[in-house]
Amino acid sequence: MSISEHPAAAPAARPAPSRVAAIVPAAGKGERLGPGVPKALRELGGLPLLVHAVRTLIAAPSVDLVVVAAPPGPEGVTRVQQLLADLPGDTRVVAGGASRQESVALALATLPADCSVVLVHDAARALTPVDLVEAVVGAVRSGAEAVIPVLPVTDTIKAVEGDLVIETVDRSRLRAVQTPQGFQRDVLAQAHAAADPYAPATDDAGLVEALSRPVRTVPGHAEAFKITTPFDLILAEAVLRRRR
Ligand code: CTP
Ligand code: MG
């Protein structure tokens, strides 16, 4: 028997390393941006917002796989497949749903079993720096169950009813929340399983909070802002010009 045939000579099997998957909800209409194609397909510097966002995730050393929730319907899915075909890296497409929460849940259900860390990142945050992605993954890898990037709120915030001010909220405790948000996969899956489809949450960390599980914060970044209105698109064009 040669040494290679001897079972005792085989190297000890090591457990497969856990991988990081990034889900990109991109199925929204972009109603606040105004009429046109779905927001994720609107162009910034000649490329769709979605392509900017996916490129960043592919460029992040810690991310192994990107799953995009495309605008539902054959046209949206086909268009996104075409856009991703030109990019390097392991990218996949699923049809998104009627709410952001549903789009994330549909993508989450397709992840390979070895992805134990999951990021959820809005296509609309097209200019998010790679370093922010790495910081979120780093915090999850260090043991946090759920991690969100946050920034202090700069405006004074007041609660109103109609045009009447009810109170001024203590700004020092408030944070504006960004993506990517990072999770231990089992915690995110539990949170989505318990979520109310009729009152969808606007972020995934909110679903984890509803389970009374801890959500940690890391410092966000100004350039991870969400492109929501026509003004945001002008701002994003300016940021991109300055980068280039
Ligand atoms: N999103 C999604 N599925 C939906 C709704 C939203 O995947 N049914 C995604 C959007 O494509 C976006 C992210 O969730 O990348 C954040 O949502 P938002 O900024 O609200 O985008 P839209 O819903 O497209 O914009 P609007 O609310 O103005 O229509
Ligand atoms: Mg929306």
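For ligands, and for the atoms within them, numbers begin at 1 and follow the listed sequence.
In summary, Arg141 and Glu134 do not engage in a salt bridge, as defined by a charged side-chain N under 4.0 Å from a carboxylate O. Using a 4.0 Å cut-off between charged nitrogen and carboxylate oxygen, Asp203 and Arg100 do not count as a salt-bridge pair. A salt bridge links Asp122 to Arg125: at least one charged side-chain nitrogen sits closer than 4.0 Å to a carboxylate oxygen.
Inspection of the Ser142 and Arg216 side chains reveals no N or O donor paired with an N or O acceptor under 3.5 Å.
Counting heavy atoms from C-beta on, the side chains of Thr179 and Pro149 never come closer than 4.5 Å.
For Glu161, the CD atom counts as loosely surrounded, since its 6.0 Å shell holds 12 or fewer non-hydrogen atoms of other residues, nucleotides or ligands.
The protein residues lying under 4.0 angstrom from ligand 1, judged by non-hydrogen atoms, are Pro25, Ala26, Ala27, Gly28, Lys29, Gly30, Glu31, Arg32, Lys39, Gly97, Ala98, Ser99, Arg100, Ser103, Asp122, Ala123, Ala124, Lys226.
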